[in-house]
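One structure below.
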Amino acid sequence: MSTVVQAEILDAGEGPIEGEPSRWARAWRPVEDWLIALVDRANPILVKETRQALKSRQFVITFLVVLVACWIVSFIGIAWIGPEIYWAAAGPTLLKGYYVVLAIPLALIVPFSAFRSLAAEQEEQTYELLSITTLSSRKIITGKLASAAVQMVVYLCAVSPCIAFTFLLRGVDAMTISVVLAGMVLGSMGLSMISLLIGAMARLRGTQVVTSVILILGLALACVGGIALGWMIIQSGSGFMREEEFWIVISVMLTFYITFFGLFHSAAAAQIAFVSENRSTPLRRWMMVQQACFCGWMAAGIYYELSSTSGNGANNIGEALVAATVFATGYWAVMGALLTGEWPLLSRRVQRSLPQSTLGRTTLSLFNPGPGTGYLFAASNLTMLIAVGLILLVFRGPATGRFVTTESIACLLVLSWSYVVGYLGVGRLITVLLRRWIFVPLTAAFLVQILLVMVGSFTPLVIQMTSRQLRNQGYSLLQISNPFWTLYELVNRGSSSVQAEVLVWIVPAAAVAVLLLNMRSVATELMHHRVAPPVRVLEEEAALHVPVVKPSNPWEIEEDDH
Amino acid sequence: MVAVHQQRRPLIELRHLHRYFGPTKAVYDMSFEVYAGEVFGYIGPNGAGKTTSMRILATLDEPTYGDALVDGFSVVDDPDRVRRRLGFMPDYFGTYQNMNVVEYLDFFARAYGLHSMQRRSAIDYAMEFTLLDQLADKPINGLSKGMKQRLSLGRTMIHDPAVLILDEPAAGLDPRARIELREMIGRLAENGKTVLISSHILTELAEMCHRVGIIERGHLLAVGTVEEISSRTQTRSEVRLRVLRDVEGLMNYLRQRDDVRDVAVRQGHVTMTHDGGPEEQAALLRQIVDSGFEVVEFASKAKSLEDVFMTVTAGLVQ
């Protein structure tokens, strides 16, 4: 600064100095700095996509259409209600209209944009440029999700004055509005997550076209379903929300929502991750969390039933156990079919991160990638659930139901376990055999499992249907390999209808035999040891993390200062 | 060119690299090293396996067997460490909609983990280096092919990588853009970057590369300087000489030799085709002088990279 200018500033006395920031500007400065730092550290994908979205014609048009639709709903709604608006509870009517206006962008446009953003990266050849940056696959998916969330918030902001208006019109309370909006936001995020997972899976252009059509149909269905549910809640009001059961159900649903969200996030990240990365362990962790949540909620539900005074607790527990068994069996059958299709060879990168200590190897080896550990992981989790189910069955007391007897449920538990363990094991052995000659990717291994179950289920069915003697006989032991019919008969007609006294010996014995046949190769996978990182990696780690030598006495600090 | 590799460590290493696509062996047992500060030309016909091996180095693909190292880190086992050290410019330009030049570079700078001032200075440097500073606010969709290539180079070097892999960077460029790009690559080499570059324009590669590798059908046929490869592969050369007197005698002498063919006189020079490398040529010269001819000029036509390429490759495509 020149001396002349300095002198001018000094001469100005106490008045506002030209060029010097005002008090407001000075106060705003830290906030601005904080915002800059926040954006600086924000996910790059979020920053990029927000910039792109704000400039895109699609977003501007959609935003304007939403505003115009809100305006139209307001006018038509008020005209429809007429003078009654001064005394009648008109809030729900208008809220339903605004809900539809908001549901379309949130359930259709935002999730489909998330799908397209990932698909477009592959179409426009930017995905490869992105994948060779230092952004991890998790960050890429999180960025895409965050971008969807930002779009969602913008649409919500556009409609929020109208929704506030419905509150002023009476007939709808804050609780109802909050629940409806929260449901829509969570639904939109969930649909965006599913869309991203599909986008990550569909890499070929041909597949993308087919999946995008299916996705649009699915999203449209979800949108209609969401609108119907929202209207139902708006119509019902907040009365049922004051009941304890409502919040228990919401908590259960939220638990499953969060864990499935995490699972899908990890699955999407795994789809786009580099081949040598450990893509299985994060998925198994989420499965384990889901298993824990499932067990927790089952235990809570059964405790609730046992302590209730309705007198129907034992029957309810029985029905809950049947439902839980069907759910758990289906869940672990699907997850197991995917896990047993994993590639058996571990990359050196994965081998570097294997558990090393005895305790770690004992407890965490099932989380290591590989089809053998995957099979054992699925079988172990299902075994634990079935064991808990059997224990609960002992404590539930006598039931009064016609079909859901203790014996039937016990048979259901044992047979469900046996079918899953048996089929997964056989499927895995077939895949191992096929991999001796040809390359069998995960999807092909999954198809092998599906084909196996179909062959096991439909072959006896076809035999029975084509045989004159057996056609009208109903269920027989010929259907022993058909899990669907067997378990259906067991639940609906009781253990005697399926000759359970025979089945509970043959099917579990076969499953255990298959399990034992798999054990040798499973053991090979469990024997993997951690390998040391290369010298170059150790060198770099040492250079990056130079140990700080702390002073051993106060005089050393003084010497350093001098 | 100076043999820069003699005193430096390899920044790129291919160790028995194989990449199969079904029955097609896109890359077969390829091994070579590129040293720090070296510009290495990668030459081969279409479908030779250049892009495949470059994609493996860029951590976009994985080898079927073997390994590739960048600064000592395996592209298979430590792709994240490799990515920090490597910039890859593919033979296509990925375009983002609704984005201008500075936003494009800003995005990639963020994606490489650059923050605040570090990022801003990296963007400024990349734009200045690639002469894009006047086009900061221009939408990337409106850029010409040459500008896009420059922007792509800017993106490649945004995180200041030690190794740059450039796949056909000059393809489709006009002469001016090509010269500018060549100058930029030259400056990168001067700044100590290791550059692996593939191109079909062999004259340009010959000018800027310290060494070249010639591949065909996935096989590495030759590695070295153009002169080294030429001397290794040369079995026949065009020789031109001039004597003070007795041209006819010299021609008769040469015609009697088994290792000389096509003897003729052109513009006062005796030209011939000689079977043999540099050592055989030295012996021929010695024998001519010993035979009493007064030789004032003896020259063997140096092989260009194009000649070497045509000699080494057989024009096979898989």
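Every chain is numbered from 1 and lettered A, B, ... according to where its sequence line falls, protein lines coming before strand lines.
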Q) Does B:Lys25 make a cation-pi contact with B:Tyr20 (under 6.0 Å, within 45 degrees of the axis)? A)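 Yes, a cation-pi geometry.
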Q) Do we get B:Arg187 above B:Phe129's six-membered ring, with its NZ or CZ under 6.0 Å from the centre and within 45° of the axis? A)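 Yes, B:Arg187 lies over the aromatic ring of B:Phe129.
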Q) Would you call the rings of A:Tyr155 and A:Phe59 parallel, tilted or perpendicular if under 30° counts as parallel and over 60° as perpendicular? A)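 Judged by the thresholds at 30° and 60°, the geometry between A:Tyr155 and A:Phe59 is tilted.
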Q. Using the ring of each side chain (for Trp, its six-membered ring), is B:Tyr28 parallel, tilted or perpendicular to B:His18, with breaks at 30° and 60°?
A.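 Correct class here is perpendicular.
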**Q.** Close contacts, residues 130-143 of chain B versus chain A, judged by heavy atoms under 4.5 Å
**A.** none
Under 4.5 Å heavy-atom distance to chain A, tell me which part of [X] shows up: side chain, backbone, both or neither.
{"X": "B:Asp67", "value": "side chain"}
{"X": "B:Ser152", "value": "neither"}
{"X": "B:Asp71", "value": "both"}

Closest-packed option against chain A by number of heavy-atom pairs under 4.5 Å, given [options]:
{"options": "B:Gly72, B:Ala111, B:Ser116", "value": "B:Ala111"}
{"options": "B:Arg155, B:Arg119, B:Arg81", "value": "B:Arg81"}
{"options": "B:Leu114, B:Ile158, B:Thr59, B:Val82", "value": "B:Thr59"}
{"options": "B:Arg83, B:Arg84, B:Arg55, B:Met99", "value": "B:Arg83"}
{"options": "B:Pro90, B:Gly94, B:Gly113", "value": "B:Gly94"}

Within-4.5 Å side-chain heavy-atom neighbours: [X] and [Y]:
{"X": "A:Arg348", "Y": "B:Ser74", "result": "yes"}
{"X": "A:Arg536", "Y": "A:Glu540", "result": "yes"}
{"X": "A:His528", "Y": "A:Arg361", "result": "no"}
{"X": "A:Thr134", "Y": "B:Asp80", "result": "no"}
{"X": "B:Leu188", "Y": "B:Leu153", "result": "yes"}
{"X": "A:Ser195", "Y": "A:Arg116", "result": "no"}
{"X": "A:Pro344", "Y": "A:Arg435", "result": "yes"}

Segment of [X] engaging chain B (4.5 angstrom heavy-atom cut-off):
{"X": "A:Val47", "answer": "side chain"}
{"X": "A:Val535", "answer": "neither"}
{"X": "A:Glu121", "answer": "side chain"}
{"X": "A:Glu539", "answer": "neither"}
{"X": "A:Ile45", "answer": "both"}

Q | Donor + acceptor pair across side chains of A:Glu124, B:Thr95 (<3.5 Å) | A | no
Q) Between B:Lys193 and B:Asp160, is the closest basic N to carboxylate O distance under 4.0 Å? A)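 Looking at B:Asp160 and B:Lys193, the cut-off is met.
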**Q.** Closest-packed option against chain B by number of heavy-atom pairs under 4.5 Å, given A:Ser347, A:Ser276, A:Pro533
**A.** A:Ser276
Q. Which one, A:Asn43, A:Thr133, A:Val39, A:Leu54, leads in non-hydrogen pairs under 4.5 Å with chain B?
A. A:Thr133
